[in-house]
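Indexing begins at 1, ligand by ligand and atom by atom, following the structure's order. Heads up: numbering here begins at 1 and tracks the sequence.
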Amino acid sequence: MKNGSERIMYYGKGDVWVYRSYAKPLTNLTLIPESGFVGRDNVLFGMNIKVAVSGEKFITSFTEGDNTMVVATDSMKNFILRKAGEYEGATAEGFLAFASRKLLETYPQMTGVKMTADQVAFDVLPVPGAKGFENGNLVYRYSQNEHPTAKVEIARTEEGTAILEHEGGIADLKLIKVIGSSFAGFVRDEYTTLPESYDRPLFIFLDIAWSYEAVEDALDSDLGRYVAAEQIRDIAHTVFHEQHSPSIQNLIYRIGQRALQRFPQLKEIRFESNNRTWETILEQATTGEGKVFTEPRPPYGFQGFSMTKRDLEGL
Ligand SMILES: O=c1[nH]c(=O)c2[nH]c(=O)[nH]c2[nH]1
């Protein structure tokens with residue numbers, strides 16, 4: 001975070017773990033053909049938050065060791081935890097905006113707040129009920145799989161506060177497509193040892209983030225235009241499933257196209273992918289069908305790409 005004088009100056013707290021039970025359920029999603037996801041019960045609403053605050057008044061804490069303006073980062077942690085008890089919304093983006101605004105209202109020496117969150121995904125578990133298995137609402141599985149993310153940056157203005165940046169996202173999505181991916185036609189020169197492949201077992205790690213045309217849609221799911229990370233996750237695997245991929249570059253572009261088509265309320269979508277394609281050890285199993293693979297050796301490749309609605313023109 002840079003301030004007016006373009007100097008970097010901020011401080012804050014990381015690993016602020018917040019677990020709120022019985023938050024407002026996430027509903028009102030726009031249903032899309034690629035996803036059966038209809039909402040989260042938010043019986044457990046969990047986040048690992050990182051907060052950074054800035055303001056010119058903090059300069060003497062750095063230059064003179066003068067702590068008179070310093071809100072202890074320990075107090076910031078307490079502040080965020082208490083605000084989780086006051087939050088009436090259903091989204092992490094909304095909570096970050098709510099807690100950030102409250103910080104600016106409470107501490108005049110702060111002029112900017114940036115918060116990011118890794119949400120903790122709690123999987124609903126099926127339990128036997130009167131009509132077969134039904135969704136339990138008491139015991140949840142703490143998921144180590146992909147998880148939703150959120151980011152909000154706000155600043156004090158003449159009128160009050162303004163959101164400078166916002167983002168929803170999904171991190172650590174890991175997808176493997178067994179057959180139906182190629183990589184060929186790339187530059188061949190004296191440095192090239194990689195053979196062309198027409199049926200590689202493509203394993204990718206994917207982080208995706210998006211921002212909205214109207215920031216309120218990211219904060220307040222009651223407006224009916226919130227995009228759940230699970231829906232983008234499902235678009236990613238559906239596009240991967242449906243289409244032959246000539247490269248990861250093209251695959252993420254197509255995922256982005258589909259997401260922007262389904263959700264016109266989005267302004268931009270960004271990708272960071274890793275290539276973790278398995279190494280083929282046996283082209284043909286000795287008995288039965290199939291091949292044998294192992295983890296790839298380092299190093300790994302990566303791609304970054306952002307898209308807006310302009311990328312849909314001419315479709
Ligand atoms: O999808 C890919 N894109 C690349 O740019 C690349 N480079 C590479 O070695 N393998 C791959 N795969």
Student: If you count the atoms of ligand 1 from 1 in the order shown, which ones are under 4.0 Å from a heavy atom of Ile248?
Tutor: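 This gives 1 (O), 2 (C) as the contact atoms.
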
Student: Looking only at heavy atoms, is any part of Leu194 under 4.0 Å from ligand 1, and if so is it the side chain, the backbone, or both, or is it neither?
Tutor: side chain

Student: Evaluate whether atom CZ of Phe186 has more than 12 neighbouring non-hydrogen atoms of other residues, nucleotides or ligands under 6.0 angstrom away.
Tutor: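 Counting other residues, nucleotides and ligands, CZ of Phe186 exceeds 12 neighbours.
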
Student: Linking I/L/V/M/F/W/Y whenever their side-chain heavy atoms sit closer than 4.5 Å, directly or via other members, would Ile163 and Val53 fall into one cluster?
Tutor: yes

Student: How about His244: does its NE2 atom have over 12 heavy atoms from other parts shown lying under 6.0 Å from it?
Tutor: yes

Student: Honestly, is Lys83 close enough over Phe79, meaning NZ or CZ under 6.0 Å from the six-membered ring centre and within 45° of the axis?
Tutor: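 Yes, a cation-pi geometry.
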
Student: Which ligand 1 atoms, with their elements, are less than 4.0 angstrom from a heavy-atom of Ser247?
Tutor: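 Listed by number with element: 1 (O).
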
Student: Tell me, yes or no, whether the heavy-atom count around Tyr19 atom OH, taken from other residues, nucleotides or ligands under 6.0 Å, exceeds 12.
Tutor: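 Yes, because the 6.0 Å sphere around OH of Tyr19 holds more than 12 heavy atoms from other groups.
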
Student: Atoms of ligand 1 less than 4.0 Å from Asn275 heavy atoms?
Tutor: 10 (N), 11 (C), 12 (N)

Student: Give the residue, atom name and distance (to 0.1 Å) of the protein heavy atom nearest atom 3 (N) of ligand 1.
Tutor: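 Nearest neighbour among protein heavy atoms for atom 3 (N) of ligand 1, to 0.1 Å: Gln249 OE1, 2.9 Å.
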
Student: Would you mind checking which non-hydrogen protein atom is closest to atom 6 (C) of ligand 1, with the distance to 0.1 Å?
Tutor: Phe183 CZ, 3.2 Å

Student: Among protein heavy atoms, which lies nearest atom 12 (N) of ligand 1, and at what distance?
Tutor: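 Of every protein heavy atom, Arg200 NH1, 3.0 Å lies nearest to atom 12 (N) of ligand 1.
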
Student: Does Lys267 NZ have over 12 foreign heavy atoms under 6.0 Å away?
Tutor: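 Counting other residues, nucleotides and ligands, NZ of Lys267 stays at 12 neighbours or fewer.
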
